[in-house]
Each structure stands twice: as structure tokens, then as C-alpha cells.
Amino acid sequence: MTACQYKPLLLCAIFLTAITGLFAQPVTIAIETRDHALLMQTDKDDHLWTIYFGKRLNNVAEYIATPSLDHMSISDAGTYNGAYTPAGTWSFSEPALQLTHADGNPSLDLKYISHQTTKETDEISLTVIKLQDPVYALTVDLYYKTWNKENVIEQWTEISNNEKGNVVLQKYASANLYFTKKDFYLTSFQGEYLKEMQPQEEHLTQGIKTIESKLGTRAMLLGTPNFILSFGAPAKENSGNVVLGQLAWSSNYKLDFEIDSYKNLRFIAGINPYASAYTLSPGKHFKTPSLIYSVSANGTGQASRQLQSWARKYRVLDGEGSRLTLLNNWEATYFDFDEPKLTALFRDASNLGVDMFLLDDGWFGNKYPRNDDHAGLGDWQENVKKLPHGIGYLVKQAKEAGVKFGIWIEPEMVNPKSELYEKHLDWVIRQPARPEKYYRNQLVLDLSNPEVQDFVFGIVDGLFTKNPELAFIKWDCNAVIYNAYSAWLNKNKLPQTHLYVDYVKGLYSVLQRIRTKYPKVPMMLCSGGGGRGDYELLKYFTEFWPSDDTEPVERIFLQWNYSYFFPSITMDCHVTDWGKQPIKFRVDVASMGKLGFDIVAGKLSKDDLLFCQQAIKNYNSFKDLVWHGTQYRLASPYENPFASMAYVNEDKSRAIVFNYLHSNRFMHTGTERPVILNGLDAEKKYRIRELNIYPGTSSVIDSSIVYTGDFLMKAGFNPDLNGNRTSVLLEINEVK
Ligand code: GLA
């Protein structure tokens with residue numbers, strides 16, 4: 001029976017493009033977006049090869065008649081461009097799939113069987129390529145989902161075991177790409193707590209460059225699965241061929257970039273095979289996470305605008321919707337609060353003019369009160385000393401003060417000093433015979449265990465059931481997995497090597513349950529800062545917390561780096577007391593994302609308070625641009641003593657431009673040259689005025705001058721940054 005018989009006949013006739021054996025000629029498969037094509041082709045043995053990755057061609061059929069353009073001899077040992085490279089037979093290259101069959105045989109061959117392309121809409125297509133081992137009942141489906149206008153491709157793989165016994169997957173990549181351009185540059189991002197998303201670009205040289213995590217949870221603490229690949233030259237903002245993307249997986253990942261002996265680039269990305277051999281029982285299939293990337297022939301600017309637009313429209317929960325500005329009490333109180341202190345903060349929030357108050361860590365635990373980070377995690381009952389009237393009372397009080405109420409949880413974790421730990425030691429990831437090792441004094445719960453999944457779901461469900469007006473959840477995750485071992489897997493005679501994968505599957509399944517019951521409530525994805533932030537989790541979350549580092553100069557760099565991959569509507573940016581910058585600078589930087597405050601608002605000076613109140617009103621007037629507009633990185637903080645970032649609305653009638661002087665050397669720095677604008681309409685006329693002017697100061701910008709878009713995008717505009725004007729926010733409006 002062919003795949004055809006499972007589909008309506010008409011669909012089949014239209015879409016079933018080729019079936020092996022019917023064609024004497026090679027089969028060429030094109031994965032196309034508006035500007036881009038990835039081509040694969042079969043050989044006489046039905047092996048599938050990547051033969052082209054580049055600008056979209058007018059006539060893909062030409063490829064059928066074209067002799068190989070790349071002088072590689074695929075019959076010898078150097079066979080590199082397999083579309084999904086199997087291990088243990090004809091290939092010596094790093095495999096995409098390595099497994100052991102039910103009979104213990106470790107060899108794998110994959111031959112093309114069929115492929116089909118279906119169109120979900122005019123803009124979205126899905127191509128599935130079926131490969132099969134000619135000797136074993138093992139099939140692999142390669143999925144390519146494309147968003148035409150955004151030039152975004154999402155790739156994943158499904159491996160199906162139709163053998164009579166268990167197949168053990170040793171390595172099971174999501175995608176295996178091949179690029180034949182000359183000279184490859186990779187930008188990867190390392191991090192650590194408070195220093196997330198540090199970029200480094202390198203010229204890839206022969207051998208394999210690996211980016212990986214083995215941390216389990218909080219997997220992006222030391223590095224991220226985000227990458228920028230540039231062909232021929234280092235990545236530039238407005239020119240050059242680039243691929244920019246991410247492996248969307250919230251745990252151990254591995255991205256291998258290999259310069260082969262032909263100086264071409266192989267790229268294999270997927271779940272890290274480290275300690276993760278996965279047993280697939282008969283009849284079961286394994287779906288890998290997705291590799292998601294955006295392709296551009298016009299530099300990183302276009303690539304990230306495409307990815308941001310895709311994320312808002314198709315991926316992030318409520319990506320095109322609205323968000324709540326807020327006052328958070330974390331840095332204002334830490335664990336030291338009670339009802340009177342909080343109700344005073346509600347009034348501060350309302351006086352500031354934000355939408356919501358967010359109660360952070362420290363509200364729970366009774367036998368082991370959560371008065372610092374050593375105790376209480378896991379015991380999700382209100383602390384009766386701090387909050388004798390419970391959360392319900394706070395929600396009501398906040399409402400009376402005119403703000404919504406949100407709350408912090410860290411439901412995947414436990415302190416050893418907790419009732420949860422005492423009652424359910426078997427729910428905790430730990431090696432029973434070894435000393436425990438803590439990260440931030442806590443351990444991770446075993447989400448591969450369905451009982452733990454129910455418990456985690458119950459925390460959120462309980463909060464909402466008791467407090468239907470609860471408006472927001474901040475979901476934190478502060479520890480990595482030491483001593484990986486699951487009592488539940490052991491009890492159920494399942495391999496321990498399933499833990500990392502089943503943990504994440506368990507997490508996704510809890511989040512799915514939460515979203516089925518509570519589809520809309522905004523939730524922030526936090527992980528002690530930027531330890532999480534991936535496009536799989538962002539299906540369930542409206543936003544994420546990029547870093548605990550809120551020092552605004554550092555933030556300029558951090559938000560800049562995140563902007564390659566994420567739209568500003570997903571980035572929570574709070575004004576705090578970190579650093580030495582004045583309140584205006586701090587508010588302006590945080591306004592470049594989803595604005596929040598984490599300060600003692602009641603202690604602001606009169607002018608600072610006045611400034612904040614006006615700045616929040618201004619933010620409300622332009623937030624639509626920051627959240628839904630098109631972002632242009634105008635001047636990089638890495639190349640200038642200042643940074644400029646613009647957001648333009650759809651019809652190019654309005655823009656907002658953020659300018660910051662980050663390196664303030666006496667008499668040396670400022671905008672000595674103009675900033676060249678981007679994204680405006682050359683034909684339109686504009687006026688520019690300054691926003692967020694601190695009380696008692698005035699703007700030097702003459703808002704009466706009318707400029708053409710042409711002028712602003714060629715000659716530019718000088719925001720006049722200098723030692724006395726370190727942050728300048730400009731609003732550009734069309735003049736009719
Ligand atoms: C993490 C988060 C902070 C705060 C604390 C609370 O560090 O990143 O924002 O919520 O936990 O313990």
C-alpha cells in the first residue's frame with residue numbers, strides 16, 4: 001500500500017510528485033520559498049543528496065539534465081552531501097542517524113521511496129520525503145515546512161520502527177544540510193549567568209565545530225542553539241548570503257558544522273546524543289525537534305526581520321497580540337514582604353501607570369518558609385505569616401488599586417528543605433547512592449514521571465481555579481540537572497538514557513494541558529535569566545526573560561544580540577536600579593522591548609517619577625511599533641560608541657528610533673556622523689520629534705523641519721548624542 005491510499009485521491013493526483021521506480025530519471029525535490037531554494041536529488045541507487053542551496057531558480061527541471069556542478073566523487077570515501085546521512089554502511093561522514101536494529105545489527109541505509117508536497121495556504125507548504133532502509137522495516141520521514149514570504153524553513157524528522165523488536169536510536173538529528181559556497185563564517189552565542197548571548201564570529205576551518213549543551217534543564221546557560229551562518233564573507237547587516245536560525249529544543253542540543261575535504265560545509269543539528277540513546281518499540285515513531293532558519297541574500301537585517309515576522313505570525317503564543325506593562329517586586333523587596341508592603345506596591349504600580357503588578361519569589365512554604373533561596377521550593381501554598389489572607393486577597397487588592405495581578409512560580413524544581421522533597425523523594429532527579437549536588441540550592445523534579453507532570457499542571461491549575469482573575473504567570477527554571485537519574489524510569493524498566501528527552505516531552509505535555517485549559521493567559525518564560533528562550537517553548541509562552549542582568553549599557557548589547565532571533569514583543573525588559581545610568585537611559589533601553597519596572601517606585605524623586613509616568617504614556621503610544629513593527633538595526637554598538645535601532649510601521653508612515661551612547665568618554669564620543677535610517681518610504685515626507693524628555697530639560701531636535709524618506713535613508717539624521725544626551729528617543733511621523 002502506498003502513502004497515496006491514505007490520502008484523498010484528488011490530493012494524491014495533485015501532490016504526489018514522484019514514486020521511486022516509475023522514473024528512470026533522478027528525482028529532484030525542491031524546497032522553495034519566495035527567494036530561496038534547497039534542492040535534493042536521487043542517484044541511480046535511490047540515495048538522496050543535497051545538490052543546491054541558494055537563490056530560487058526559474059526552472060528547477062534544469063537540474064535533472066545538469067551534470068554535477070560540484071566536483072565531488074560520491075563513489076569514494078568522501079561522501080558528504082547526503083540529505084540525511086545514515087551510519088554503518090556506505091558513509092564515513094558524521095551521521096544524521098545512527099541506530100541499532102531489533103536484531104542487534106548496527107548498519108543503516110536509507111533510500112528514497114516517495115515525496116509529497118501539500119499546501120496549507122498560499123504561503124505555507126509542507127514537503128515530506130520518505131526514506132526507507134532496503135533491508136530493515138525502518139522508515140525515516142524528512143519534513144520541510146516553508147513560509148514563502150518570510151523565507152523561513154522548519155525541518156524535522158520522524159523515525160518509524162516497523163521491525164519486530166526494539167530499535168535503539170543512538171543519534172537522531174533533526175536536519176542535515178550541505179552548503180557548497182566558498183568560505184563559511186559562523187556566529188555562535190555563548191553565555192553564563194548575567195552574561196547571556198555573547199556573540200563570536202569565526203571563519204570555519206577544516207574539521208567539526210560543535211555547539212552543544214549537556215545541562216538538561218536551563219540548557220542555554222552556557223551557550224545557545226542559535227546560529228548565524230554567512231557565506232563568502234563575515235555576516236553583514238544589509239548584504240550577503242546568510243542563514244540564521246535555531247534548534248528549537250529546550251534541553252541538550254548539538255549543532256555540528258563540518259568543513260569537509262572539499263571545503264564545503266556540512267551542518268547537522270539535533271538533540272545531543274550524549275547519554276540519550278532512545279529505545280523505540282515496534283510500531284512507534286520518534287519525532288525530532290525542529291531546526292528553524294531564515295535565509296537571506298541581503299544580510300542579517302532581512303534574515304532577522306523575516307524570522308521575527310514569522311515568529312509573531314505563526315509561532316509565539318499571541319505573537320500579534322498585546323502585552324501587559326508591569327511592576328515586579330523582585331528587586332524592590334526580594335523575599336522580604338508582607339501584605340501591607342505589597343498593597344503599597346500595588347498603589348505604586350497604579351501611580352506609575354503600568355497594567356499589572358507581578359509578585360515574585362518568596363510567597364510560599366510554611367514548614368520551610370521561602371525566606372531565601374535555600375528552602376520552600378516545591379511547597380506551593382501561601383506562606384501564612386507573609387500572606388495570611390492568601391493570593392485571592394492580593395488579586396482583589398490589586399484590582400482595587402487599578403492593576404492586574406501576576407505571580408512567579410518555579411514548578412519544575414524543589415529545595416531539599418521542603419515538604420515536597422520529604423514526601424516525594426522519588427520525584428527528584430538524583431543518584432540514590434551519591435551525594436546530592438545543588439544548583440542554587442535546589443534540584444530538578446523528574447518530568448518524565450506522569451505523576452510529576454500532574455503535580456506541575458496542578459500548581460498552575462490550582463492557582464487559576466482559586467484565582468480566576470490571575471492575569472500572568474512568570475515560570476522560572478533555575479537549576480541544571482546534576483546526577484541525571486530517574487527513579488520512575490527505573491521502576492518502569494525503561495532506560496535511563498530516556499531521561500533528558502522524556503523530561504522535555506513531559507514539560508511540553510504539561511504546557512499543552514495548561515494551554516488547552518487556559519489558552520490566552522500571558523506567561524513569561526524565565527530561567528534565571530536567559531537559560532531558556534526557544535521556539536518550541538514559545539509556542540506556550542507570550543514572552544521570555546533574556547537575563548537577570550538589567551544594567552542598561554549591557555542590555556543594549558544583550559537586546560541587540562537577541563534581536564537577531566526574537567521579535568521585541570517577546571523580550572521582557574525591566575527598569576531596575578542596576579548600574580549608574582540615569583532613569584531616562586534605563587527607561588529608554590527597557591522601552592525597546594516589553595516594558596516593565598523592578599524598582600521601589602515609591603522612592604523615586606519627584607522628577608524621576610514624573611519622567612516615568614510620562615515615559616509609560618509615551619510607551620503606550622508607540623508600543624504598537626515596538627511590538628508589531630518592522631525592526632531595523634541601524635548602528636551596531638560593536639562598531640560604534642553608540643547604538644541605534646528603529647521600528648517602522650507597516651505603511652511606513654511612522655517610526656520610532658532608539659539611540660544610546662554606550663561608551664561615554666570625555667569629549668571623545670557622540671554621534672559625530674549621522675545615523676542612516678532604513679525602512680522608510682523614499683517618497684514620503686517626515687517630521688522628527690524627540691520623546692521621553694526629562695523634566696526641566698529640552699530637546700535640541702528641531703521638529704519643524706520636513707525631510708524626505710529618501711534623504712533620511714541616504715544622508716541620514718543626527719540624533720545629537722553626546723555626554724549630556726546619552727539616550728535619545730525619536731519619533732518619525734509622515735507629513736501629508
Ligand atoms: C531568577 C529570576 C529572577 C527572579 C529570581 C527569584 O533569578 O531570573 O528574575 O525571579 O529567580 O528567585
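Ligands are counted one by one from 1 in listed order, and the atoms in each one are counted from 1 as well. We're numbering straight along the sequence, starting at 1. Side chains are part of it too, since the values below use all heavy atoms of this structure and drop only hydrogens, waters and symmetry mates.
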Discussion item. With a cutoff of 4.0 Å, is D476 in contact with ligand 1, counting heavy atoms of the residue only?
Written reply: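 So D476 counts as touching ligand 1.
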
Worksheet item: After noting the C-alpha distance and the side-chain angles of W380 and F455, does the key distance pass the ring-ring contact (aromatic ring centres under 6.0 Å, His included) rule?
Response: CA-CA 11 Å; W380 298 102; F455 169 76; 8.2 Å; no

Please classify the [X] to ligand 1 contact at 4.0 Å (heavy-atom distances, strictly less than): side chain, backbone, both or neither.
{"X": "N478", "answer": "side chain"}
{"X": "R440", "answer": "side chain"}
{"X": "K474", "answer": "side chain"}
{"X": "S527", "answer": "neither"}

Worksheet item: Below 6.0 angstrom between ring centroids: does that apply to F565 and Y562?
Response: no

Worksheet item: Ring centroid separation for F227 and F189, is it under 6.0 angstrom?
Response: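 No, the ring of F227 stays outside the 6.0 Å limit from the ring of F189, centre to centre.
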
Identify, by atom number and element, the atoms of ligand 1 in contact range of [X], meaning under 4.0 Å from any of its heavy atoms.
{"X": "G528", "result": "1 (C), 7 (O), 8 (O)"}
{"X": "D360", "result": "4 (C), 6 (C), 10 (O)"}
{"X": "W545", "result": "8 (O), 9 (O)"}
{"X": "C526", "result": "2 (C), 8 (O)"}

Discussion item. Can you confirm whether the side chains of H389 and E339 place a donor and an acceptor under 3.5 Å from each other?
Written reply: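 Note: H389 and E339 side chains meet the donor-acceptor criterion.
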
Worksheet entry | Short side-chain donor-acceptor distance under 3.5 Å, E436 and Y438 |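 Per modelled atom types, Y438 and E436 side chains form a pair under 3.5 Å.
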
Worksheet item: Taking the six-membered ring for Trp, are F405 and F346 parallel (under 30°), tilted (30 to 60°) or perpendicular (over 60°)?
Response: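 Judged by the thresholds at 30° and 60°, the geometry between F405 and F346 is perpendicular.
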
Practice prompt. Around atom 7 (O) of ligand 1, find the nearest protein heavy atom and jot down its residue, atom name and distance.
Written response: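 Among all protein heavy atoms, the one nearest atom 7 (O) of ligand 1 is D548 OD2, 2.8 Å.
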
Practice prompt. Considering heavy atoms of the protein only, find what lies nearest to atom 12 (O) of ligand 1 and give residue, atom and distance to 0.1 Å.
Written response: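 Checked against all protein heavy atoms, atom 12 (O) of ligand 1 sits closest to D361 OD2, 2.6 Å.
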
Item to complete: Run through R440, Q442, R370 and flag the one making a side-chain hydrogen bond (donor to acceptor under 3.5 Å, both in side chains) with N415.
Response: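 Running side-chain hydrogen bond (donor to acceptor under 3.5 Å, both in side chains) over R440, Q442, R370 with N415 returns exactly one hit, R370.
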
Item to complete: Only one of F541, W560, Y535 passes ring pair (Phe, Tyr, Trp, His ring centres under 6.0 Å) with F566; say which it is.
Response: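 The ring pair (Phe, Tyr, Trp, His ring centres under 6.0 Å) with F566 is passed solely by Y535 among F541, W560, Y535.
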
